[in-house]
Each structure stands twice: as structure tokens, then as C-alpha cells.
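Sharing a structure with you now.
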Amino acid sequence: MSTQQNQPKPSLNGVKIKTRKRVNKANAKFEPEVFRDSIFEIISDVPGTDLEKISSKLDSAGGSLDYRLYGETFFELLVAGGLIAPGGIIEYDDEYGELQFSLFKLCDDNDPLPGAKIWVNLILRLTRRYKYLEKIFSETSKGILEYVNRYSEANNNKLASGYGLLIAEGLMTADSIKVLQKDHLVKDGLSLHFLTMFMKAYLTRLNVNSLFNALYKARADHLIDFFPPNKRTDEYFIRHFESEDMHSIINYRIARQESAARNVILNDIVQLINNNEESEPPIAEVIKVSRRAMTQNNLSESETVVLIWDAIIGNIKWGMRSEVIEQQALSEVKEYADAFTPFTTSPKSEMALLKHIQLYCYEDAKLMRLFSQIVRILYTEDVLSHDAIVFWATKGALPQGKSTFLKQMEKFIAYLDSIEEEDSDESDDE
């Protein structure tokens, strides 16, 4: 029996230290405290800074300790340096104290990333040898994250950095991040702070697309859900991530919003066309839907007109023969020309449509030879102006297929030039 049994339980930095139990070793595999003690005993003769030897010792210990049964306890030790009791209280060993190679111990309070990287390498070695620990650690991570309101800000930063690197390395899924959406964590800003630190750590390894893919798989990619309810606005979202110098997050969200708006317009226009039972195309309805989308999504004419093009031309059910394809494409452009006109009222939007058609024809081989005919129709129908077409030919054409399309347009450009000369001569005569 320990001589300390009747003494008051000591404390370390306000954290409860549980009195060590002396349990029969035969029952050790059923006692988390004894598993904890066993870990300390295994590395007792190794300096706390010799992580190579510690890693080797832990690697070998799997033969005698039941890592599968005590995987949850093991991860708590590796994260917090002690056992995490219900309520988030960390229980350190009364004899050995805090595990020296835990995440909380390895990381510096001001700059947790270097220590978190060392810690992740330790986890990596363990999970390579004992593959089943990946799943156990990933599950345990949720329970640890539930108590971010109980840990210090410094420890939460360390935890966020460690989790960010673990998930980036593929050693853990992002499912645990969903825990942060609990109301009591969100309203005080703890969730947003943790998420921000987590993403910063992740982005030191992988890019923003990979980050959102990981969050999407965990159904945690709707970042606004991590903001306090009174701060769930686009303005605050942008201001927050600007202050953290995380512009890639802002740009990604804007791009995704634009993509969502784009899909809405495309789907609405396609439905109008497909549901139209009249002989005349639903021009007025297409214009109405497009204008509404512009207002709701703060789109420019340039952005809207190319979406109208994609919806109309992308909805064509192409025939097999080239002459049929030509007739379909040119007929559709002519029929829906009036739908483009309200959205090409400026040189910028005209140029945007011209360049988009160029790229569209370049990427779709069956339309390459039709580029000049399409442009002629849009000129005749007052969608594209003389000046816009000439400017495109002289300065504005994209590199993709440029020589081919300029060759197609030679006669038409010459025709436009001749018209301009005639107008100039008439002005001189007057």
C-alpha cells in the first residue's frame, strides 16, 4: 500500500491528478490507469527528449500491451499527457506526472506547429506498425474535441495544429470537426477559433481544394455553421479570414458561390427550354430568369451572358452527321439571339461573350469550323457590334485556336472594314 494513500491529492496547474491505483497486474489489461502506468514504465529509462528511442519503445511495446483494447486511452495520453475524464478533466499519473511526448507537452504555447509536426511523426510510426490504431484514434478524437471549452487557449491551439496535420497526412478523418458545431461551442466563438487554427495547420501541408474535400467528406464544409449565430454573414466571414491572412478560404468560398449561382441559372434556363411547348422559343422567360439571377447573385452582364450561352448551346441534343450538327448549332444561335442582346450592352460584355464562344468552339471539335458563322449571326442580330468583332480580331482573341479562327474570320473582317470605309467616305462627303 502506498504511503501517500491518506494524503490529499496533489494538483498540477489547477488540473486534477488522480491518486495512482495499485492494481493486480493480472487485471492490468482492464484498467486504463494501469495501462497509463505501463506506458510510463516502458519509457522510464529514456530521456523525454529522445523521441527516436521513445518511438522505438512504443513500437515494441505493442507485443505486450493491448493497444487494440486501450487505443482510446493511448490516444488520450498521446494528446493530453494524461487520461481525460468525463467533463474534460485531465488526470495525470500521481507518480510520473505528465507524459513528456504528448501533443500538449511537445508544442510551444506561442508556435505549436513545430512540436505538432514532431508529434505527428510519432503517430505516423505507431499507425504504420499497428494499422488498426488509425480508426481507434480517429474515433477517440471526437471525444477529446468535445471538451475544447475545458482546455486552455494554448492547448486548443496545439490540438487544432495536431489535428490539422494528422488529417492532412491521412492518418485521421475530418469527422471529428463536426463536434465543433455543438451550440455551446459555437456561440462563444470556440468553434471558429479552433477551425481557423486547424485549417492553418492543414494548409501548411496541402492546398485549399484538398482541405474542402476533406471537410466535404465529413459534411463539415459549410464553414458558416462554425460562426456564432449573430456573425453568420458574408461580411463577417470575409473580415475574419482577412484578419487571419487566409485569403485562399475567401476565394474558395466566392468561387463556390459563383458555381452554385451558375448551376441555378443553367438549370432554370434548361427547364424553360425543355418545358416549352410553343413553337417560339421562350426568350422573354429566359431574360427574366437571367436578370433575376444577376440581382440575387450580384453577377455582371459579362458573367451572365456566358451562362446563357452555356445553357442554350449545352442543351442541344446533337445529331450524328456534320450537316445536322451545323444546322442545329446555327439554328439555335439564331433563335435565341434576342436572349443575349440585353446582356451585351457594353464592350466588356460583348468581349466576354466573344471570347467564351471562341473557347467553347475550341474545346468542342464539332463546333470549331462554325465559329465565324456563329459570330456573323450574332452580328446580324445586333448581339455583337462591329467594333467588338474588329477589336477581338486585332487585340482580343484568346490563344486557344486563335490562328484557325482568325483564318475563318478573314472575309468577314474584310467586309466589316469595307463598311467602315464607306461610312467614313460618306462622312467626308457630308
Is it true that the side chains of T404 and Y362 contain a donor and an acceptor less than 3.5 Å apart?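 Not at all, the side chains of T404 and Y362 share no donor-acceptor pair under 3.5 Å.
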
Shortest non-hydrogen pair, F343 vs S290, comes out as CZ-CB, 3.5 Å

Above 12 or not: heavy atoms from other molecules or residues under 6.0 Å from CG of N230?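 For N230, atom CG is crowded (more than 12 foreign heavy atoms under 6.0 Å).
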
Can you tell if the side chain of L83 reaches within under 4.5 Å of the side chain of I90, non-hydrogen atoms only?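 Answer no - side chains too far apart.
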
For the NZ atom on K105, are there more than 12 heavy atoms of other groups (residues, nucleotides or ligands in this structure) within a distance under 6.0 Å? no

Just how far is it from atom CG of L359 to atom CG of L354, taken to the nearest 0.5 Å? 12.5 Å

Apply side-chain hydrogen bond (donor to acceptor under 3.5 Å, both in side chains) to residues Y202 and S210 and explain how you reach the verdict. CA-CA 9 Å; Y202 189 104; S210 173; 2.7 Å; yes

Supply the atom-to-atom distance I123 CD1 to L103 CG, rounded to the nearest 0.5 angstrom.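 Those atoms lie 8.5 Å apart.
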
Interatomic distance, L106 atom CG to K117 atom NZ [nearest 0.5 angstrom]: 14.0 Å

Looking at every heavy atom in both Y336 and P282, which two are closest together, and how far apart are they? OH-CD, 3.4 Å

With a 4.0 Å cut-off on N to O distance, would you call K182 and E146 a salt bridge? yes

Ionic contact status for E235 with R239, cut-off 4.0 Å: yes

Give me the atom names and distance for the closest heavy-atom approach of S243 to H240.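 Where S243 meets H240 most closely, the heavy atoms are OG-O, 2.5 Å.
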
Indicate yes or no: at least one non-hydrogen side-chain atom of F226 is less than 4.5 angstrom from one of L185. no

Report yes if some heavy atom in the side chain of M199 is under 4.5 Å from a heavy atom in the side chain of L223; otherwise report no. yes

If I compare all heavy atoms of C107 with all of A116, which pair ends up nearest, and what's the gap? SG-N, 3.3 Å

Give a yes-or-no answer on whether the side chains of T345 and E301 include a donor-acceptor pair shorter than 3.5 Å.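 The answer is yes; a qualifying pair exists.
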
I265 side chain reached by L299 side chain, heavy atoms, under 4.5 Å: yes

Residue pair L165, L113: steps toward the side-chain contact (heavy atoms from CB on, under 4.5 Å) verdict: CA-CA 9 Å; L165 296 179; L113 267 177; 4.1 Å; yes

Give the intermediate values and the outcome of salt bridge (charged side-chain N to carboxylate O under 4.0 Å, His left out) for residues R128 and E134. CA-CA 9 Å; R128 278 177 180 169; E134 280 190 25; over 6 Å; no

With no hydrogens and no angle check, do the side chains of W392 and E350 hold a donor and an acceptor under 3.5 Å apart?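 Not at all, the side chains of W392 and E350 share no donor-acceptor pair under 3.5 Å.
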
Step-by-step side-chain contact (heavy atoms from CB on, under 4.5 Å) determination, V208 to N251: CA-CA 10 Å; V208 69; N251 294 337; over 6 Å; no

In plain terms, say whether K217 and D175 are close enough for a salt bridge, that is, a side-chain N and a carboxylate O under 4.0 Å apart.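 Looking at K217 and D175, the cut-off is not met.
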
Under the 3.5 angstrom rule, does the side chain of T127 hit a backbone N or O of L124 as a donor-acceptor pair?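 A pair under 3.5 Å: yes.
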
How many angstroms lie between CD1 in I325 and CG in L370, if you round to the nearest 0.5 Å?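 Reported value, rounded in 0.5 Å steps: 8.5 Å.
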
NZ/K288: more than 12 non-hydrogen atoms of other groups inside 6.0 Å: no

Verdict with supporting geometry, S138 and T173, side-chain hydrogen bond (donor to acceptor under 3.5 Å, both in side chains): CA-CA 6 Å; S138 194; T173 67; 3.2 Å; yes

Between I357 and L353, does a side-chain contact (heavy atoms from CB on, under 4.5 Å) hold up when you go through it step by step? CA-CA 6 Å; I357 294 171; L353 178 59; 3.8 Å; yes

Is there a side-chain contact between V186 and P229, using heavy atoms and a 4.5 Å cut-off? yes

Quick check on Y132: does its OH atom have over 12 non-hydrogen neighbours (other residues, nucleotides or ligands) under 6.0 Å away?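 Yes, the 6.0 Å shell around OH holds more than 12 heavy atoms from other groups.
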
Can you check whether I136's main-chain N or O pairs, donor with acceptor, with T140's side chain at less than 3.5 Å?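 Side chain of T140 to backbone of I136, a donor-acceptor pair under 3.5 Å: yes, one is there.
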
Taking Q358 for the side chain and A397 for the main chain, is one N or O donor matched with an acceptor at less than 3.5 Å?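 No; judged by distance alone, with no hydrogens or angles, the pair does not exist.
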
With a 6.0 Å cut-off on the ring centroids, do Y163 and F198 count as close?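 When the ring centroids of Y163 and F198 are compared, they turn out to be at least 6.0 Å apart.
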
Just by modelled atom types, is the L78 backbone N or O under 3.5 Å from a matching donor or acceptor in the W119 side chain?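 It does hold such a pair.
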
Here the gap from C361 atom SG to Q408 atom CD, rounded to the nearest 0.5 Å, amounts to 8.0 Å

Over all heavy atoms of both residues, which pair between L367 and A329 is shortest? Give the atoms and the distance, please.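 Answer, listing the atom of L367 first, then A329: CD2-CB, 4.1 Å.
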
Ion pair present between E381 and R376, side-chain N to carboxylate O less than 4.0 angstrom?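 Looking at E381 and R376, the cut-off is not met.
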
Hey, is the main chain of K53 close enough, under 3.5 Å, to the side chain of S56 for a donor-acceptor pair?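 Not a single qualifying donor-acceptor pair exists.
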
Parallel, tilted or perpendicular, as decided by the 30° and 60° cut-offs, for the rings of F405 and F371: tilted

Atom pair NE2/CG of H184 and L190 - distance to nearest 0.5 Å: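 These two atoms lie 8.5 Å from each other.
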
Would you indicate whether the side-chain heavy atoms of M409 and S372 approach each other to under 4.5 Å? yes

Do I374 and W309 have side-chain heavy atoms sitting under 4.5 Å apart? yes

Applied to residues 364-373, the salt bridge (Lys or Arg N to Asp or Glu O under 4.0 Å) test, sequence neighbours excluded, yields E326-R369, D364-K366

Examine distances only and state if a side-chain atom of R291 and a backbone atom of P342 form a donor-acceptor pair shorter than 3.5 Å.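 No, the answer is negative, given that no donor and acceptor are paired below the 3.5 Å cut-off.
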
Spell out, as yes or no, whether a donor-acceptor pair under 3.5 Å connects the side chain of S331 to the backbone of Q328.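 No, because the side chain of S331 does not come within donor-acceptor range (under 3.5 Å) of the backbone of Q328.
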
CA sep, side-chain torsions, deciding dist, call: F241, F237, ring pair (Phe, Tyr, Trp, His ring centres under 6.0 Å): CA-CA 6 Å; F241 285 109; F237 184 98; 4.9 Å; yes

Heavy-atom pair of closest approach, residues E335 and I283: O-CD1, 3.4 Å

Please check if the side chain of T394 supplies one atom and the backbone of F391 the other of a donor-acceptor pair under 3.5 Å.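 Judged by distance alone, yes, a pair lies under 3.5 Å.
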
I'd like to know if the side chain of D59 reaches the main chain of S55, judged simply by a donor and an acceptor atom lying under 3.5 Å from each other, with no hydrogens or angles considered. no

Please output the side-chain donor-acceptor pairs of residues 147-157 that fall under 3.5 Å, not counting sequence neighbours, one pair per line with the distance.
residue	atom	partner	partner atom	Å
Y147	OH	G87	N	3.4
R150	NE	G87	O	3.2
Y151	OH	I144	O	2.9
S152	OG	N155	N	3.1
N156	ND2	V148	O	2.8
N157	OD1	H193	NE2	2.7
N157	ND2	E153	O	3.4

K158/D108 salt bridge by N-O under 4.0 Å criterion: no

Is the Y252 ring parallel, tilted or perpendicular to the F212 ring (thresholds 30°, 60°)?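 Correct class here is parallel.
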
Is S349 reaching over with its side chain to a backbone N or O of S302, donor-acceptor style, under 3.5 angstrom?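 No; zero donor-acceptor contacts below 3.5 Å.
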
Sub-4.5 Å side-chain heavy-atom contact between D310 and R262: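 Result yes, sub-4.5 Å side-chain heavy-atom pair found.
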
